[in-house]
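Okay, structure first, notes after.
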2 protein chains.
Amino acid sequence: MRRETYNEFRHLCRAHNLAVTHQRQRIFEAVASRPGHYSPEEIYEQVKQDLPSISLATVYKNLKTFIEAGMLREVSLHHGAWRIDANLHPHHHLVCTRCRSILDLDQDLLAPVKLRGKLPSGFKLEKFSIEIQGVCKACVASESRTHN
Amino acid sequence: MRRETYNEFRHLCRAHNLAVTHQRQRIFEAVASRPGHYSPEEIYEQVKQDLPSISLATVYKNLKTFIEAGMLREVSLHHGAWRIDANLHPHHHLVCTRCRSILDLDQDLLAPVKLRGKLPSGFKLEKFSIEIQGVCKACVASESRTHN
DNA sequence: TATCAGATGATAAAGATTATTAAACGATTC
DNA sequence: GAATCGTTTAATAATCTTTATCATCTGATA
Ligand SMILES: [Mn+2]
Ligand SMILES: [Mn+2]
Ligand SMILES: [Zn+2]
Ligand SMILES: [Zn+2]
């Protein structure tokens, strides 16, 4: 690992009040130094090449830690919940980032998406899916209650 | 169940080449007659009130069948796959509906989303997340190969 | 009503994630 | 640099979710 990379990571951890460990360095790097959107299992396999004794649970735990700290993100809020929709009309969804509740929102509440350039060649566009993320009424209420 | 509802479902099944069974009727109704975005488990619990001997596997299998037929949809393409993103800059994703691969897309390839009306009261907006769904180059290629 | 492809229920298996806990480690202080 | 303390790790079990298998049953058709 380059020394600058090492120091960057060290400072990131300091800034977020996280202890610096070998495992964390490698886990973070396995994600941040490559362009893809990896699964915990893929990250585990990658890190294992350097740290053969690492455990998959450690990967899971630290990914959560990093996400909570804002050092990494998850691609989608929906990975853990298969949810079925009977509404076949084009519409949007309002999703709560706390409780992950989902509400329909009429299509014409948003102006249609406009492409300003070209998509990567070969990609056959089917549709734009817009998700409006935020905190739902119930969660806002319960959080303000907690903080008073 | 109302007779019209029963006939509607019967015709839907005909149109999609699906056998009509009690289980399917109740599973479909459990989703389509209520406004929410339910999980298989929730649907199972609902149907069980009418058909106590139904199996959870039947619910899963038929939800898949309905989705494949286009009678229901899934809220997100990402369930079951926790994917980590190290790109913290605002950006969009290109998602393949076949292989579910994910590519980053620069933010300014799309014009910013415009709200035309009001969000439901109490919802605290955090961000708009746009996903561009379609078929990726690789899947387009493999599908055209299959059909020649 | 008899036939049969397809659907169901029971169950096992697989896969993904979280909980538990003793041992090891990193940061801090001396 | 060694002692201390709180945190992190690895191993493992447990839990949840989803899929596979297969014998039995049912709906559709003649
Ligand atoms: Mn919906
Ligand atoms: Mn991304
Ligand atoms: Zn909420
Ligand atoms: Zn693809």
Side-chain angles (χ1 to χ4, degrees), chain A residues 6-7 9-28 30 37-45 47-69 71-72 74-84 100, chain B residues 1 6-7 9-30 37-45 47-69 71-72 74-84 100:
Chain A
Y6 173 76
N7 281 331
F9 180 73
R10 180 168 273 274
H11 289 136
L12 256 179
C13 284
R14 277 284 166 78
H16 293 100
N17 263 327
L18 299 180
V20 179
T21 69
H22 301 311
Q23 291 86 346
R24 282 182 176 165
Q25 283 173 39
R26 297 309 169 99
I27 292 167
F28 187 80
H37 300 81
Y38 305 102
S39 69
E41 187 72 32
E42 285 167 330
I43 295 162
Y44 172 62
E45 291 302 332
V47 173
K48 215 163 49 166
Q49 294 180 10
D50 280 320
L51 305 176
S53 74
I54 196 163
S55 142
L56 180 57
T58 300
V59 173
Y60 270 97
K61 208 175 319 170
N62 283 301
L63 289 175
K64 292 216 158 194
T65 303
F66 291 142
I67 288 170
E68 209 173 344
M71 295 166 61
L72 295 177
E74 41 192 350
V75 170
S76 161
L77 296 177
H78 303 288
H79 84 273
W82 194 31
R83 300 297 199 80
I84 309 300
R100 319 251 151 152
Chain B
M1 193 197 320
Y6 173 75
N7 281 331
F9 179 73
R10 182 168 271 275
H11 288 137
L12 256 179
C13 284
R14 278 283 168 79
H16 292 100
N17 263 328
L18 299 180
V20 179
T21 68
H22 300 312
Q23 291 85 347
R24 283 183 175 164
Q25 283 172 38
R26 297 309 169 100
I27 292 167
F28 187 81
E29 281 205 325
H37 299 82
Y38 305 102
S39 69
E41 187 72 33
E42 285 166 330
I43 295 163
Y44 172 62
E45 291 303 333
V47 172
K48 217 162 49 165
Q49 295 181 8
D50 279 320
L51 304 176
S53 74
I54 196 164
S55 144
L56 180 56
T58 300
V59 173
Y60 270 97
K61 209 175 318 171
N62 283 301
L63 289 175
K64 294 217 157 191
T65 302
F66 291 141
I67 288 170
E68 209 174 344
M71 293 166 61
L72 295 176
E74 40 192 350
V75 170
S76 160
L77 295 177
H78 302 287
H79 92 271
W82 194 31
R83 299 298 200 79
I84 309 300
R100 319 252 151 151

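Atom CZ of residue B:R100 and atom NE2 of residue B:H78 lie 8.5 Å apart, to the nearest 0.5 angstrom.
Side-chain nitrogen and oxygen atoms of B:K61 include none within less than 4.0 Å of the OP1 or OP2 phosphate oxygen of D:dA20. For A:N62 and D:dT9, the shortest distance from a side-chain N or O to OP1 or OP2 is below 4.0 Å. Applying the 4.0 Å criterion to OP1 and OP2 of C:dG9, one finds that B:Q23 has a side-chain N or O inside that range.
Between B:P40 and A:I27, the one whose closest nucleotide on DNA chain D sits nearer the 5' end is A:I27.
Relative ring orientation between A:F28 and A:F9 is described as tilted, the plane-to-plane angle lying within the 30° to 60° band.
At a threshold of 4.5 Å between non-hydrogen side-chain atoms, the residues B:Q23 and B:V47 do not count as touching. In this structure, the side chains of A:I84 and B:F66 stay at 4.5 Å or more apart for every pair of heavy atoms. Residues A:T21 and A:N62 form no side-chain contact, since every pair of their non-hydrogen atoms from C-beta on lies 4.5 Å or further apart. Residues A:K64 and B:W82 are in side-chain contact: their nearest non-hydrogen atoms beyond the backbone lie under 4.5 Å apart.
Protein atom CZ of B:R83 is 12 Å distant from nucleotide atom P of C:dA16, rounded to whole Å. The distance between atom CD of A:E68 and atom C1' of C:dT18, rounded to the nearest whole Å, is 15 Å. Atom CG of B:L18 is separated from atom P of D:dA28 by 11 Å (rounded to the nearest Å). As rounded to whole Å, 12 Å separates atom C1' of C:dA16 from atom NE2 of B:H79. Between B:R26 atom CZ and C:dA7 atom P there is a gap of 19 Å when expressed in whole angstrom units. As a whole-Å value, the separation of A:R24 CZ from C:dA24 P is 19 Å. Rounded to whole angstrom, the span from the NZ atom of A:K64 across to the P atom of C:dA16 amounts to 15 Å. Nucleotide C:dT18 holds its P atom 7 Å from the CH2 atom of B:W82, rounded to whole Å.
Of the candidates C:dT8, D:dG27, C:dT18, C:dT18 carries the atom nearest the A:Y60 side chain, counting heavy atoms from C-beta on. The side chain of A:A57 has D:dT12 as its nearest neighbour among D:dT12, D:dT8, C:dG9. When distances run from any side-chain atom of A:T21 to the nucleotides D:dA28, D:dT8, C:dG9, the shortest one goes to D:dT8. You'll find that the side chain of A:H22 is closest to C:dG26, out of C:dG26, D:dA10, C:dG9. For B:I54, taking side-chain heavy atoms from C-beta onward, the closest of the listed nucleotides C:dG9, C:dT17, D:dT9 is C:dG9. In the set C:dG9, C:dT17, D:dA10, C:dG9 carries the atom at the smallest distance from any side-chain atom of B:S55.
Taking the salt bridge (charged side-chain N to carboxylate O under 4.0 Å, His left out) definition, one finds that A:R10 meets it with nothing, sequence neighbours left out. Judged as a side chain to side chain contact (heavy atoms under 4.5 Å, CB included), and not counting sequence neighbours, the contacts of B:H16 are B:L12, B:L18, B:A69, B:M71.
One end of the helix from C:dT1-D:dA30 to C:dC30-D:dG1 points its axis 30° away from the other end's axis, with each axis taken from 5 pairs and the angle rounded to 10°.
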